[in-house]
Structure formats: structure tokens, C-alpha cells
Amino acid sequence: MGPPSAPSAADRRHVRHRDPSAPQPPVGAMSAGGRTIRRSGGNGELNGRRGMITRLTVPNHRRGDPASGAALGGTAADDNELGAFLRASRARVEPADAGLAGGVSKRRVHGLRREEVAVLAGVSADYYARLEQGRERHPSAQVIDALGRAFRLAPDAREHLHRLAGLNPRLGPDSTRELVHPALLRLLEAFPRAASYVLGPAFDVLATNTIADALLAPFGDERNMPRILFTHPRAETVFADRELLRRSTVYALRLNAGQFPHDTGISGLVAELKTASEEFRVLWDDHGVAGLTRAFKVFVHPDVGRIELTYQTFDVVDAPGQQLLVGTPEPGSRSEEAMAFLASAAPSP
């Protein structure tokens with residue numbers, strides 16, 4: 001009997017049937033080409049022969065499955081409360097309300113775009129995107145302050161934003177005074193018949209005495225001097241010499257920007273005001289630089305009328321960026337009488 005003939009094409013196409021007496025794959029497994037794929041708990045085992053792969057792990061990435069650790073696309077929603085709050089906040093701000101040009105007819109999103117928030121807050125678009133997506137978890141207090149201003153948040157919402165970022169809220173007169181160097185606070189109280197207040201690097205009013213608080217009362221809760229000068233509607237009537245005051249403030253702010261290049265409070269404020277005020281943009285692009293030294297200011301207060309003050313600025317070496325401004329009237333002048341009236345009319349602390 002001769003040797004067996006080579007298998008024909010038909011034989012090669014023949015489907016091999018499993019011998020009923022051979023071991024069967026366990027329940028939940030399937031056989032493919034001599035290999036057994038075992039399914040178990042979202043992972044798979046691949047058992048082969050002759051040194052083939054013996055295990056294949058298949059991660060479970062089904063959206064929302066707890067076994068996957070997080071949903072596809074980033075951090076689970078309940079682990080990124082800060083990002084959810086940022087998204088909701090920017091959706092509530094209309095571009096026109098933030099001083100941004102252009103309509104909303106072609107927008108695919110409600111409110112501000114991420115890039116617009118980044119401009120208003122003085123941070124990069126990539127940084128803000130990472131913050132909103134939960135890939136950046138440690139924003140500075142200055143960044144959170146700038147975002148609160150960009151979203152035009154009320155005090156309670158700003159406090160909530162700070163807490164979501166893991167920061168202690170720094171809102172209101174009591175908390176901002178804690179940032180002021182003790183030497184400046186002592187000087188602040190040393191001028192009871194003058195208007196005295198402490199400014200931060202972005203010219204936020206950090207602390208005031210009684211008379212200064214009365215002078216700033218027409219501006220409500222707003223305590224940033226450049227923002228008051230360029231965006232508050234009452235600035236036009238309270239500051240008689242507003243053009244000179246605006247110019248000197250912008251030049252001093254640019255000086256601070258050079259001294260504190262990483263202060264996001266300054267960069268965020270500049271980005272905001274360049275969008276909100278054409279006058280600020282022109283002055284800023286002028287690149288004028290000058291410090292706040294001796295200055296003459298005229299207030300027109302709604303209760304006492306015109307007040308003329310000469311201001312002197314004091315710096316403290318141990319508190320970089322903080323300055324004490326003291327405004328005094330001419331002795332025996334009507335301005336001195338007006339200041340005395342404001343001091344007497346102020347509520348007791």
C-alpha cells in the first residue's frame with residue numbers, strides 16, 4: 001500500500017469537528033483556532049500551545065463602570081467639583097457682560113469660551129483647560145481670585161470657589177487685613193485725621209482707616225482701584241481729576257508688573273481692563289512707568305462735596321508690593337472740615 005496522498009484543496013477547507021470525548025472548554029469560554037479565551041470579571045485569559053501567549057488582560061473602559069476607575073475622557077465627575085463649578089460659571093457669563101466684542105449667534109456654547117476665560121484671568125488657555133478638566137489640582141490664590149473676577153462672582157460664590165480649590169477664602173475687609181504687614185497696619189492707625197489705606201501689588205485695597213473707608217463708600221464692595229477708575233460708573237463723578245489719576249495709576253501698575261512678573265493678580269487685571277476699557281488699553285500700550293509717590297487728588301463725595309488731599313506713599317521692605325497711601329488736607333481748610341465730618345459720621349467699629 002503506497003504512502004498517503006497529500007490533502008486536497010477540499011480537504012484543507014474541511015472543517016474539523018471536535019471529538020466529543022475531548023475535554024470541553026469551561027462555561028463562559030470559547031475556542032478559536034486551538035486557543036481558549038476565558039472571560040472572567042472584565043479580564044480575559046488567552047491559553048495557547050507551544051509557547052504562545054498565556055494571558056491577555058483586557059482593561060474595562062466602559063463609560064461609567066466603577067471597575068474602570070474613571071469614565072472615559074478624564075476624571076470622574078464627582079472627583080472634580082472645581083471643574084464642574086468653573087464650567088457652570090463660565091456658561092452663565094455672556095461675552096458682552098465681560099466686555100468682549102462680538103455677538104453670540106455663531107457660538108456653539110453658552111457663555112464664555114475657555115480661551116476667553118483665560119484672557120480675562122491672565123492665564124494660558126492650556127492651563128485653564130487643565131484646571132477645568134481636573135488635570136491641574138493646585139491653583140494659586142491669585143489665579144482663583146482672577147477667575148472669580150472673570151466670572152463676576154458674588155462674594156458667597158467666590159468664597160465657595162476658593163474652598164473648592166483647597167484654599168482659605170480671602171474675602172472681605174477682615175480677611176484682607178490679615179495679608180497686610182503689621183508695620184503698615186500700625187502706620188494705618190497713626191493718621192486718624194487723614195485718609196489712609198494699604199494697597200497690594202495689583203492695587204487692591206487691603207485695609208483702610210475710617211476716613212478712607214468713607215471716601216470709598218460710593219463704590220460699594222469694589223476694592224480694586226484700577227477697576228474702579230476705569231469701569232465703575234461713579235468714577236466719573238467722584239474723581240474730579242480722573243484723567244491724571246488714571247494715567248498715574250496705569251503707569252504705576254506697569255511698574256509693579258515688572259517688579260512682580262509672576263503675579264497673576266496683576267496679569268489678570270491687565271487682561272481684563274484691556275478688554276473692558278479702550279482708555280486703559282491705550283495707556284497700557286504707551287509703556288509709561290512711574291511709581292506712586294507724592295500726588296494731589298480731588299474727591300467729590302456725595303455727602304460732603306469736594307475734598308482736596310495731598311497723598312504720600314510709604315513702602316515696607318519686609319512687605320514687597322504693599323504700600324500705605326496717606327491723604328491729608330490743608331490745615332484749616334474746608335477739606336479738613338469735611339474729613340472731620342466723615343470721621344464723626346462713621347459707625348463705631
Side-chain angles (χ1 to χ4, degrees), residues 86 89-90 93 95 97-100 112 115-125 127-128 131 139-155 157-158 161-162 165 167 169-172 175-176 179-180 197-207 216 219-235 239 242 245-292 313 320-323 325:
L86 293 175
S89 297
R90 69 179 171 91
V93 180
D97 294 336
L100 298 174
L112 300 176
E115 295 80 4
E116 292 168 337
V117 175
V119 169
L120 292 173
V123 298
S124 70
Y127 178 85
Y128 177 75
L131 194 64
S140 68
Q142 291 89 345
V143 167
I144 294 301
D145 286 338
L147 289 173
R149 291 191 296 268
F151 295 139
R152 311 174 85 84
L153 297 179
R158 292 176 60 193
L161 176 60
H162 276 77
L167 300 168
R170 302 187 302 134
L171 306 171
S175 57
T176 54
L179 304 175
V180 179
Y197 52 93
V198 178
L199 297 179
F203 296 153
D204 294 299
V205 178
L206 304 180
L216 296 175
F219 307 113
D221 294 331
E222 182 57 67
R223 283 296 185 264
N224 178 267
M225 292 308 300
R227 194 176 290 112
I228 287 174
L229 285 167
F230 287 96
T231 67
H232 201 286
R234 301 200 69 176
F239 298 109
R242 53 188 173 275
L245 188 56
R246 285 170 175 167
R247 183 182 301 107
S248 62
T249 299
V250 172
Y251 289 178
L253 185 63
R254 180 172 279 284
L255 179 64
N256 279 6
Q259 292 176 335
F260 309 102
H262 303 297
D263 191 313
T264 55
I266 297 176
S267 58
L269 177 67
V270 170
E272 172 193 338
L273 293 182
K274 286 179 71 175
T275 302
S277 170
E278 176 67 14
E279 184 180 358
F280 178 90
R281 188 191 64 78
V282 171
L283 288 172
W284 184 260
D285 290 345
D286 188 44
H287 290 270
V289 178
L292 292 177
T313 303
Q322 293 186 5
Q323 297 176 310
L325 276 71

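In this structure, Leu147 and Leu131 have side chains that are in contact, with non-hydrogen atoms separated by less than 4.5 Å. Contact check for Ile228 versus Arg223: no side-chain heavy atoms found under the 4.5 Å cut-off. Side-chain contact between Phe151 and Leu86: present, with at least one pair of heavy atoms (C-beta onward) separated by less than 4.5 Å.
Thr313 meets the side-chain contact (heavy atoms from CB on, under 4.5 Å) test with Leu292, Asp315, Gln323, Leu325; sequence neighbours excluded. Looking at residues two or more places apart in sequence or on another chain, you find no ring-ring contact (aromatic ring centres under 6.0 Å, His included) involving Phe260. The side-chain contact (heavy atoms from CB on, under 4.5 Å) search around Asp204 returns Ala202, Leu206, Asn224, not counting sequence neighbours. By the side-chain hydrogen bond (donor to acceptor under 3.5 Å, both in side chains) test, Arg246 is found to be paired with Glu236, Glu279, residues two or more places apart in sequence or in another chain being considered. Scored by the side-chain contact (heavy atoms from CB on, under 4.5 Å) test, Thr249 finds Phe203, Pro226, Leu229, Leu245 as partners (sequence neighbours excluded). In terms of the salt bridge (Lys or Arg N to Asp or Glu O under 4.0 Å) criterion, residue partners of Glu222 (sequence neighbours excluded) are, by chain and number, Arg227. Considering only residues two or more places apart in sequence or on other chains, Ala118 meets the side-chain contact (heavy atoms from CB on, under 4.5 Å) condition with Val123, Ala125, Tyr128.
One finds the NE2 atom of His232 at 10.0 Å from the CZ atom of Phe239 (value rounded to the nearest 0.5 Å). Separation of atoms CG (Leu255) and CD1 (Ile266) is listed at 9.5 Å; rounding is to 0.5 Å.
At least one donor-acceptor pair under 3.5 Å links the side chain of Arg90 to the backbone N or O of Leu112.
The two residues Leu161 and Gly148 make their nearest non-hydrogen contact at CD2-N, 3.9 Å. When all heavy atoms of Ala121 and Ala150 are compared, the pair lying nearest together is N-CB, 4.5 Å. Of all the heavy atoms in Val143 and Pro139, the pair that sits closest is CG1-CB, 4.3 Å.
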Expected list for residues 283-291: side-chain donor-acceptor pairs under 3.5 angstrom, two or more places apart:
unit_1, atom_1, unit_2, atom_2, d
Asp285, OD2, Arg281, NH1, 3.1
Asp286, OD2, Tyr251, OH, 2.6
His287, ND1, Arg254, NH1, 3.4

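Residue pairs meeting the side-chain hydrogen bond (donor to acceptor under 3.5 Å, both in side chains) criterion with at least one partner in residues 255-268, sequence neighbours excluded, are absent.
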